[in-house]
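One structure is given here, and the rest of the page talks about it.
So you know, we letter chains A, B, ... as the sequences are listed, proteins then strands, and number each from 1.
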Amino acid sequence: MKIEVRHLSKRFGSVEAVSDVSFGVKEGELLGLLGPSGSGKTTVLRMIAGLETPSGGDIFIDCLRVNDLPVQQRNIGFVFQHYALFKHLTVFQNIAFGLKIKKWKKAEMAPRVSDLLRLMGLDGLGDRYPHQLSGGQRQRVAIARALAPRPSVLLLDEPFGAVDAKVRQELREWLIRLHDNLNVTSLFVTHDQEEAMEVSDRIIVFSKGKLEQDGSPAEVYEEPATEFVARFIGSMNILEAEVRGNLARVGGLEFPVTGFPDGHRVQVGFRPYYVQISEDSMQWPLKAKLRRIYFLGVAYRLEIETEGGLILRSRMNKEEFRERRFEVGRPVSYAITQFRLLPQEGRVAAL
Amino acid sequence: MRRILIATVWFYFGILLIGPLAYLCTQSFQGGVAVFWDEVTRPEALHGFRLTAVITAIVLVVNVVLGTVTALVLARQQFRGRTLLSGLIDLPFAVSPVIAGFMLVLLFGPDAILGTFFGTLEVKVLFALPAMVLATLFVTFPFVVRELTPLLQAVGTDGEEAARTLGANEWQVFLKVTLPAVRWGMVYGATLTTARAIGEFGAVLVVSGNVLMLTQTATLHIYQSYVDFNYVGAYAVAATLIAVSFVILVLLEVARSRVAAGAA
């Protein structure tokens, strides 16, 4: 393990920002820490960096316990959300800052900075000042500055949070390529689940200071370990149902379940693309009315109201949508092709 | 309407600033350049200039160093009584310099505790340089702190943290990151301090005793010359101080535009 965190916790006064979090990061991995704001993910990152002191637990980098090691000696590179570039220094001087502090020889410093400028696509910008750069360029300077002294791990706090959507997309793809090239173990914090999915080898989901799930993007998406993850990652229809005779019933729908006593309440979840809809009222067994159509770019989202008064969301790709004749307010038929029971507090449900 | 407003402003400036300044300049050269020069280079006047320069230099160094430390603590640390201290910073603006001087006289007088203490050490505080420095420090205290504290808060801690992650120790963080970010604010505060220290009169008058050739600063010399009906002497020294103030004013403008540029 490159980084290991054991039973880490942090209190700010009476607020427990992080409680009993444990996970590991393998050499060369690109790990995403995902959660809504205030979930403790940034605090975890800052504790690993040494910018925040843990209230409890241990942090290991390269098998060395670093709790008592000051930030200067942890050999980490840190990238801040708002770049935190030194405004009075040029791009070159910014990137060389850490090398100067570590007393690199001039003859080694200049080629190192030039290499990084090329790697970051910042050729010819070495003499500019930060205020003369675009947001995306600034963030790449910040990453170059963090990488310059060859840190053993790279920590990024909401690295693309301050740039606009288009640049964000470019930076994401660029970060993936950079990581493939350099293979430096990297942790990045994000509140954007799409970004976490796209960029990470592995995702750790946080909520209210607790670790909710630790898994690959596919695992987190397909097999959410907790109700929070199910609600937070992607879009999901979630219905609260009551079990009677091995069927979870809600609003006229019946989902087969086993192992629950009658009267037990369960949560049934299914992604919108597991809801099939047809304008032919005979094609699928269940009946509903089409309430709204949303255009999403690559697909359409359809909102239906079932006979039992439930509102369900369905997703349909563009091609299929165009072959059909949907009209808002008209009756449709539908089917739910897959569902899962959401884990409840303290227990993981079996399908 | 617009003309009336503009005329009013001209009139206001004329009565308050331009008129007196012009009159002062013409009056100082009333007897010709030679007389002006004689007045400015009299031993009493030269002593006054020298004393003012010494006090200003000491006050400038102490105020910039301690003012910066104070601003750093107020902007970066959370501690009990922080709000109280922040509120007290403006106190010297609200208290008349004469009262400030009077407080020092009470504190360091021969019957007071501090006065007795320094008396036994045979260190002369009152009616000597130390008290004059203390009085000037009191009235100039807010300038650096007031300029730097909000600036440090606006600059934030991101850059300082970034420097630490790159291996910089606290001293390097201050010299290479914090100081460059607020340097023009510091120059601005230092310039205001200098201007105020040169011009200080009331507080210094009370604590100095105004002893000729001993504790008489340039401003006290002007006052003394005026009282002694040596108007040309008063005018000449005053005009010299005005010239210095003008240079400081120019510096002030430069510093202010740099602070504004840095904040943008």
Side-chain angles (χ1 to χ4, degrees), chain A residues 12-13 42 45-52 66 69-90 93-104 129-131 138-139 141-158 162, chain B residues 64 68 71-73 75-83 147-190 251 254-264:
Chain A
F12 291 110
T42 294
L45 194 78
R46 288 173 60 85
M47 284 194 281
I48 294 172
L51 293 170
E52 218 70 74
V66 296
L69 218 54
V71 49
Q72 288 89 347
Q73 288 167 33
R74 291 196 188 184
N75 196 24
I76 50 104
F78 200 99
V79 177
F80 293 81
Q81 179 175 5
H82 298 289
Y83 326 125
L85 294 178
F86 306 128
K87 292 194 185 96
H88 62 289
L89 300 180
T90 62
Q93 290 167 329
N94 263 283
I95 299 174
F97 188 91
L99 306 179
K100 259 193 179 154
I101 294 284
K102 298 201 165 100
K103 304 219 182 324
W104 278 41
Y129 282 89
H131 69 91
R138 284 182 211 180
Q139 195 55 291
V141 174
I143 294 174
R145 181 179 68 180
L147 286 172
R150 303 188 196 283
S152 88
V153 295
L154 183 63
L155 309 172
L156 307 102
D157 183 13
E158 298 269 4
Chain B
V64 166
T68 306
L72 273 171
V73 170
R76 294 279 185 268
Q77 309 296 328
Q78 292 296 329
F79 60 95
R80 208 176 265 276
R82 202 183 72 97
T83 325
E147 189 59 29
L148 285 190
T149 309
L151 200 56
L152 283 167
Q153 280 164 343
V155 166
T157 55
D158 268 13
E160 294 170 6
E161 288 190 334
R164 279 183 206 116
T165 65
L166 291 164
N169 61 38
E170 290 309 308
W171 186 238
Q172 287 170 321
V173 169
F174 176 72
L175 284 184
K176 288 169 184 276
V177 178
T178 314
L179 198 56
V182 300
R183 64 192 163 192
W184 286 108
M186 193 186 268
V187 170
Y188 188 69
L251 280 177
V254 172
R256 194 157 58 187
S257 62
R258 292 301 183 104
V259 171

Legend entry - Distance, nearest 0.5 Å, that separates CD of A/Gln81 from CG of B/Asp158: 9.0 Å
Legend entry - CG on B/Leu166 to NZ on A/Lys100, rounded to 0.5 Å: 13.0 Å
Legend entry - Toward chain B: residues of residues 142-150 of chain A with heavy atoms under 4.5 Å: A/Arg145, A/Ala146, A/Pro149
Inset, instruction - Tabulate, in ascending numerical order, the residues of residues 151-158 of chain A having at least one heavy atom closer than 4.5 Å to a heavy atom of chain B, or enter 'none'. - result: none
Inset, instruction - Indicate the atoms forming the closest heavy-atom contact of B/Gly159 with A/Phe86, along with that distance. - result: O-CE2, 3.3 Å
Legend entry - Residue pair A/Ala84 / B/Ala162: nearest heavy atoms and the distance that separates them: O-CB, 4.0 Å
Legend entry - Pairing residues for B/Thr178 by the side-chain hydrogen bond (donor to acceptor under 3.5 Å, both in side chains) criterion, not counting sequence neighbours: B/Glu160
Legend entry - Close side-chain approach of B/Glu161 to A/Phe80, heavy-atom, < 4.5 Å: yes
Legend entry - Sequence neighbours excluded - salt bridge (charged side-chain N to carboxylate O under 4.0 Å, His left out) pairs with any residue from residues 170-180 of chain B: B/Arg164-B/Glu170
